[in-house]
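Residue numbers run from 1 in the order of the sequence given.
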Amino acid sequence: MKYYEIISDGYDERKGVLYVNEPYDYPIVKDGQEVEGLEKLVFELRDGEYAHFHMCVGGANVVDEELKKLFEQYCNDNPHIEFLPIKVNSDKYGERQYYIVHFKDICDVIDKEHTIYLKGETYNCITRLAVDHEKAEGLHVFNSRPAIQDVIVSEDVYKEMRNRKLDQGIEFCPLICVK
């Protein structure tokens, strides 16, 4: 099985960026922690069009209804992922319903031996993630660490996203998968 990290394509000039127009704690959501206060936040699309997947300047991965349904199809009632509804406003394109992808837990899928780290004095930063095949078996939409931009999909989800043309504005970073 192959896995891909979803990365927002910052070079796609058509795709807009989501902003939060209220004071908030950064990041808006943290994987592995309960989410509070979303109902008071106002989200706005700027500098481009709506897409199926957005990064939010406030620190969140946001999907539209179509991509949410695809993810749910592959999640098999996974209790570790939830889709938190938000409204996004745009002066040019109107209001739309979107969902923040929130993982209630951090999935223990990292193969520490084959992951490549940038060693710092006070911390190590992952530069190339390796997924342990046995730990990730059966997972199709998951995370690997409490990073803001950590959404990983299986090859099945990747192919379905491409077939349904839900990949506009997305870069897929192939991950090392160790058996």
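- E82 and Y99 share no side-chain donor-acceptor pair at under 3.5 Å.
- Checking side-chain atoms of Y50 against main-chain N and O of G94 turns up a donor-acceptor pair under 3.5 Å.
- Between the side chains of N89 and E44, no donor-acceptor pair is found at a separation under 3.5 Å.
- Counting non-hydrogen atoms of other residues, nucleotides and ligands closer than 6.0 Å to CG of D91 gives a total of 12 or fewer.
- Centroid-to-centroid, the aromatic rings of Y3 and F142 come within less than 6.0 Å.
- Criterion: ILVMFWY side-chain heavy atoms under 4.5 Å apart, direct or through other members. Under it, V178 and L139 are not part of a common hydrophobic cluster.
- Here the OG atom belonging to S144 is positioned 7.5 Å from the CG atom belonging to L175, to the nearest 0.5 angstrom.
- By the rule that hydrophobic residues join a cluster once side-chain heavy atoms approach within less than 4.5 Å of another member, V131 and Y4 end up as members of separate clusters.
- Residues D9 and I170 have side chains not in contact (no heavy-atom distance under 4.5 Å, counting atoms from C-beta outward).
- A distance of 6.5 Å separates SG of C56 from CD1 of I100, quoted to the nearest 0.5 Å.
- Open room surrounds CD on E13; 12 or fewer heavy atoms of other groups in view lie less than 6.0 Å from it.
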I'd like to know whether S8 forms a side chain to side chain contact (heavy atoms under 4.5 Å, CB included) with K15, so could you lay out the CA-CA distance, the side-chain angles of the two residues, the decisive distance to 0.1 Å, and finally the verdict. CA-CA 10 Å; S8 185; K15 181 176 151 186; 2.7 Å; yes
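- The shortest distance between side-chain heavy atoms of Y93 and E49 falls below 4.5 Å.
- Side-chain contact between L18 and V62: present, with at least one pair of heavy atoms (C-beta onward) separated by less than 4.5 Å.
- V88 and Y19 fall into different hydrophobic clusters, defined by Ile, Leu, Val, Met, Phe, Trp and Tyr side-chain heavy atoms under 4.5 Å apart, directly or through other members.
- Contact check for I106 versus N143: side-chain heavy atoms found under the 4.5 Å cut-off.
- A ring-centre distance under 6.0 Å is found for Y98 and H54.
- Residues Y117 and T127 are not in side-chain contact: their nearest non-hydrogen atoms beyond the backbone lie 4.5 Å or more apart.
- Salt bridge K68/E66: absent, no basic N to carboxylate O contact under 4.0 Å.
- At a threshold of 4.5 Å between non-hydrogen side-chain atoms, the residues L129 and I152 count as touching.
- In this structure, the side chains of V101 and I81 come closer than 4.5 Å at one or more pairs of heavy atoms.
- The shortest side-chain heavy-atom distance between D156 and M1 falls under the 4.5 Å cut-off.
- The structure places CG of D31 at 9.5 Å from CG of D105, a figure rounded to the nearest 0.5 Å.
- By the 6.0 Å contact criterion, CD on E95 is enclosed, its count of non-hydrogen atoms from other residues, nucleotides or ligands being greater than 12.
- Atoms CD1 and OH, from I6 and Y158 in turn, are 11.5 Å apart once rounded to the nearest 0.5 Å.
- Placement of L84 and I28 within a single hydrophobic cluster is found when ILVMFWY residues are connected by side-chain heavy-atom separations under 4.5 Å, directly or transitively.
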